[in-house]
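When a ligand or atom number is given, it counts from 1 through the structure's own listing order. These numbers come from a predicted model, not from an experiment.
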Amino acid sequence: MARRYFIAGNWKMNKTSAEAAVLAKAVAQSVGGVSEVDIAICPTFTSLESAGREIKGTNVKLGAQNMYFEKSGAFTGEISADMLNGAGCEYVILGHSERRQYFKECDCLINKKVKAAVAASLKPILCVGETLEERESGKTIDVVSAQTKGGLDGLSAAEALNVVVAYEPVWAIGTGKTATPAMAQEVHAEIRKVLAGMFGADAAEKIQILYGGSMKPENADELLKQKDIDGGLIGGAALKADSFASLVKSAVALS
Ligand code: PGA
């Protein structure tokens, strides 16, 4: 497979700065030397510096969980792409379903953030995924396609190569319910088709598409073996260094 696996930890609103440093250090010690797959941790804004210090010089990269699209100014409480760059970030998670659900983020806002991230040389991890209600009413592919198109609208093919897409069925996040490998593969293949339509088959073949939603050491192998699943965006299982390391090792074994 030409695409490298990518295992990214989404720490969500967990860990103080000191706690994040401890976890980042443990992650660096266990997988910091792994070169076969891409690895990132995404702590809260307040922990970027402490966690970043612990992984500096290793193969574990730093990501943030959100940002605003403006460069600077009167936007109280917001963080810009340049600030994330300055804090050592390579990635930024955008459009996570929790932001869509609790903070009312729409595709149009997410698209502005994606463009601002790419313009600042940050790699966006664009999250897409359907709710249980949408799945049960047969709308999964429509919803995920619209979110992918809406989120990446206006990017060139060259810019799209710096984007990672994460398919995260909302009903599988933090619930212990995982999409079956076949269910996930079906959606991943559709996302790749959408990407091919937008950016050409060549670019689409190169873009990493991660699965997220209760991925853990016990189910990772079967998911990662699917043709269009290029890694995982990991929530709960990323909060312990040993389970995160085990996911990285599953990806290494399949590389
Ligand atoms: P989970 O979260 O692994 O805890 O389900 C994944 C995510 O929301 O990114």
Side-chain angles (χ1 to χ4, degrees), residues 5-15 19-20 23 27 31 37-45 47-48 51 60-67 89-105 110 113-114 117 123-132 134-135 140 143-144 147-148 151 163-181 183-184 187-188 191 208-224 226 229-251:
Y5 280 110
F6 180 19
I7 303 292
N10 174 9
W11 292 4
K12 307 195 179 184
M13 196 174 75
N14 293 293
K15 308 276 175 200
E19 290 164 350
L23 178 55
V27 169
V31 297
V37 305
D38 298 332
I39 307 167
I41 54 172
C42 304
T44 60
F45 292 137
S47 296
L48 289 174
V60 181
K61 305 299 179 198
L62 194 63
Q65 300 172 17
N66 183 29
M67 55 163 254
C89 290
E90 187 166 319
Y91 295 95
V92 58
I93 299 171
L94 293 174
H96 191 279
S97 63
E98 287 149 17
R99 301 232 37 106
R100 293 178 192 260
Q101 188 182 347
Y102 304 130
F103 304 98
K104 306 289 172 252
E105 291 199 9
I110 295 162
K113 294 182 177 194
V114 166
K123 296 176 185 159
I125 302 175
L126 171 71
C127 301
V128 299
E130 82 287 3
T131 62
L132 185 57
E134 288 162 344
R135 172 158 287 269
T140 298
V143 168
V144 168
Q147 289 176 345
T148 306
V163 171
V164 177
V165 179
Y167 168 56
E168 302 204 307
V170 178
W171 49 270
I173 295 176
T175 56
K177 289 185 196 155
T178 325
T180 63
M183 272 158 88
V187 180
H188 280 236
I191 292 173
Q208 290 164 318
I209 308 177
L210 315 184
Y211 170 80
S214 299
M215 198 191 232
K216 47 186 184 258
E218 300 80 62
N219 60 25
D221 255 24
E222 288 309 309
L223 287 160
L224 293 174
Q226 303 300 311
I229 299 186
D230 308 318
L233 181 56
I234 320 295
L239 292 173
K240 293 218 164 68
D242 56 350
S243 52
F244 187 70
S246 149
L247 293 168
V248 170
K249 280 168 196 157
S250 293

Exercise. Any sub-3.5 Å donor-acceptor pair from R100's side-chain atoms to C127's backbone N or O?
Worked result: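 Yes; at least one donor-acceptor contact below 3.5 Å.
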
Exercise. Has the side chain of D230 got a donor or acceptor atom that lies under 3.5 Å from a matching backbone atom of I209?
Worked result: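 Such a contact is found between D230 side chain and I209 backbone.
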
Minimum-distance pair of heavy atoms, taken over all atoms of [X] and [Y]:
| X | Y | answer |
| --- | --- | --- |
| Y211 | A172 | OH-CB, 3.7 Å |
| G213 | E168 | N-OE2, 4.3 Å |
| I110 | G95 | CD1-CA, 3.6 Å |

Exercise. If you measure from each heavy atom of G212 to ligand 1, is any distance below 4.0 Å?
Worked result: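 Contact absent.
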
For this session: Show the numbers, then the answer: is there a side-chain contact (heavy atoms from CB on, under 4.5 Å) between F244 and I7?
Result: CA-CA 8 Å; F244 187 70; I7 303 292; 3.6 Å; yes

Which atoms of ligand 1 sit under 4.0 Å from any heavy atom of [X]?
| X | result |
| --- | --- |
| H96 | 7 (C), 8 (O), 9 (O) |
| A172 | 5 (O) |
| G174 | 1 (P), 4 (O), 5 (O) |

Problem set entry | Residue portion contacting ligand 1 (non-hydrogen atoms closer than 4.0 Å) for N10 |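 The answer is the side chain of N10.
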
Problem set entry | Proximity of K216 to ligand 1 by residue part, where a heavy atom lies under 4.0 Å |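 No part of K216 comes within reach of ligand 1.
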
For this session: Go through the structure and list residues passing side chain to side chain donor-acceptor pair (under 3.5 Å) with K12, not counting sequence neighbours.
Result: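 Partners of K12 under the side chain to side chain donor-acceptor pair (under 3.5 Å) test: E98.
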
Exercise. So which heavy atom in the protein is nearest atom 9 (O) of ligand 1, and how far is it from that ligand atom?
Worked result: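 In this structure, atom 9 (O) of ligand 1 has E168 OE2, 2.7 Å as its nearest protein heavy atom.
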
Exercise. Tell me: protein heavy atom nearest atom 4 (O) of ligand 1, and distance?
Worked result: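 Among all protein heavy atoms, the one nearest atom 4 (O) of ligand 1 is G236 N, 2.8 Å.
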
Problem set entry | Heavy-atom nearest option to atom 3 (O) of ligand 1, drawn from S97, G235, G213, A8 |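 Among S97, G235, G213, A8, the closest heavy atom to atom 3 (O) of ligand 1 belongs to G235.
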
